[in-house]
Amino acid sequence: MGKFTAPKKDVYSTNIQAKAEQEEQETKTARKTHAKDGQFYRFSLKLPIECKTYLQETAWRKSFEEHRNVTITDYITQLVIADMEQHPEIMEGLDELNT
(Lines give C-alpha, C1' and ligand atoms only; values in the text may rest on other atoms or scores of the structure.)
Protein backbone atom coordinates (compact mmCIF):
# COMPACT_ATOMS: atom_id res chain seq x y z
CA MET A 1 0.00 0.00 0.00
CA GLY A 2 1.34 3.42 -0.98
CA LYS A 3 1.86 6.57 1.00
CA PHE A 4 -1.14 8.91 1.28
CA THR A 5 -0.89 12.14 -0.66
CA ALA A 6 -3.39 14.97 -0.48
CA PRO A 7 -5.18 15.83 -3.70
CA LYS A 8 -3.71 18.73 -5.64
CA LYS A 9 -5.48 22.03 -5.17
CA ASP A 10 -7.12 23.74 -8.05
CA VAL A 11 -9.23 26.86 -8.48
CA TYR A 12 -12.45 24.95 -7.85
CA SER A 13 -11.45 23.18 -4.66
CA THR A 14 -9.87 26.01 -2.67
CA ASN A 15 -11.59 27.14 0.48
CA ILE A 16 -13.33 30.46 0.09
CA GLN A 17 -14.08 32.29 3.29
CA ALA A 18 -17.56 33.75 3.44
CA LYS A 19 -17.77 37.52 3.65
CA ALA A 20 -19.45 37.34 7.05
CA GLU A 21 -16.66 35.16 8.43
CA GLN A 22 -14.08 37.52 6.98
CA GLU A 23 -15.77 40.55 8.58
CA GLU A 24 -16.04 38.73 11.89
CA GLN A 25 -12.31 38.01 11.81
CA GLU A 26 -11.58 41.67 10.97
CA THR A 27 -13.78 42.78 13.88
CA LYS A 28 -11.93 40.49 16.29
CA THR A 29 -8.61 41.81 15.03
CA ALA A 30 -9.81 45.42 15.39
CA ARG A 31 -10.91 44.75 18.98
CA LYS A 32 -7.54 43.26 19.83
CA THR A 33 -5.73 46.28 18.44
CA HIS A 34 -7.62 48.52 20.85
CA ALA A 35 -6.52 46.44 23.81
CA LYS A 36 -2.92 46.73 24.92
CA ASP A 37 -1.27 43.32 24.51
CA GLY A 38 -4.69 41.66 24.14
CA GLN A 39 -5.67 42.63 27.68
CA PHE A 40 -9.17 43.76 28.53
CA TYR A 41 -10.85 45.43 31.47
CA ARG A 42 -14.20 43.94 32.44
CA PHE A 43 -16.78 45.48 34.75
CA SER A 44 -20.51 45.55 35.35
CA LEU A 45 -22.49 48.61 34.31
CA LYS A 46 -25.86 49.51 35.77
CA LEU A 47 -27.85 51.98 33.66
CA PRO A 48 -31.42 53.31 33.66
CA ILE A 49 -33.74 51.16 31.54
CA GLU A 50 -34.13 53.93 28.93
CA CYS A 51 -30.46 53.51 28.09
CA LYS A 52 -31.01 49.90 27.01
CA THR A 53 -33.23 50.80 24.07
CA TYR A 54 -31.01 53.73 23.12
CA LEU A 55 -27.84 51.62 23.17
CA GLN A 56 -29.46 48.82 21.16
CA GLU A 57 -30.69 51.26 18.52
CA THR A 58 -27.40 53.16 18.37
CA ALA A 59 -25.36 49.96 18.04
CA TRP A 60 -27.70 48.82 15.26
CA ARG A 61 -27.31 52.14 13.42
CA LYS A 62 -23.52 51.98 13.80
CA SER A 63 -23.62 48.46 12.36
CA PHE A 64 -25.53 49.79 9.39
CA GLU A 65 -23.11 52.74 8.92
CA GLU A 66 -19.93 50.70 9.30
CA HIS A 67 -21.20 47.65 7.37
CA ARG A 68 -20.22 45.32 10.22
CA ASN A 69 -21.77 44.05 13.42
CA VAL A 70 -21.27 46.65 16.16
CA THR A 71 -22.19 45.44 19.64
CA ILE A 72 -23.12 47.66 22.55
CA THR A 73 -19.69 46.88 24.01
CA ASP A 74 -18.04 47.98 20.74
CA TYR A 75 -20.07 51.19 20.77
CA ILE A 76 -19.19 52.04 24.38
CA THR A 77 -15.54 51.21 23.67
CA GLN A 78 -15.58 53.63 20.72
CA LEU A 79 -17.03 56.35 22.98
CA VAL A 80 -14.37 55.86 25.65
CA ILE A 81 -11.51 55.74 23.13
CA ALA A 82 -12.79 58.93 21.45
CA ASP A 83 -12.93 60.65 24.86
CA MET A 84 -9.42 59.43 25.68
CA GLU A 85 -8.15 60.90 22.40
CA GLN A 86 -9.80 64.25 23.19
CA HIS A 87 -8.19 64.34 26.66
CA PRO A 88 -4.67 62.89 26.36
CA GLU A 89 -3.55 64.96 29.34
CA ILE A 90 -5.38 62.59 31.69
CA MET A 91 -3.28 59.58 30.68
CA GLU A 92 -0.09 61.66 30.40
CA GLY A 93 -0.52 62.77 34.01
CA LEU A 94 -0.63 59.22 35.35
CA ASP A 95 2.40 57.27 36.42
CA GLU A 96 2.85 53.49 36.58
CA LEU A 97 1.91 53.35 40.26
CA ASN A 98 -1.54 54.82 39.60
CA THR A 99 -2.54 52.33 36.90
Could you state whether [X] and [Y] fall into the same hydrophobic cluster, counting links through intermediate Ile, Leu, Val, Met, Phe, Trp or Tyr residues with side-chain heavy atoms under 4.5 angstrom apart?
| X | Y | result |
| --- | --- | --- |
| M84 | Y75 | yes |
| Y41 | L47 | yes |
| F64 | L55 | no |
| L45 | I49 | no |
| W60 | I76 | no |

So how far is it from I81 CD1 to E85 CD, rounded to the nearest 0.5 Å? 7.0 Å

Closest non-hydrogen atoms of Q78 and V70, given as atom of the first, atom of the second and distance, are NE2-CG1, 4.5 Å

Does a side-chain N-to-carboxylate-O contact under 4.0 Å join R61 and E65? no

Side-chain donor-acceptor pair under 3.5 Å between D74 and T71, yes or no? yes

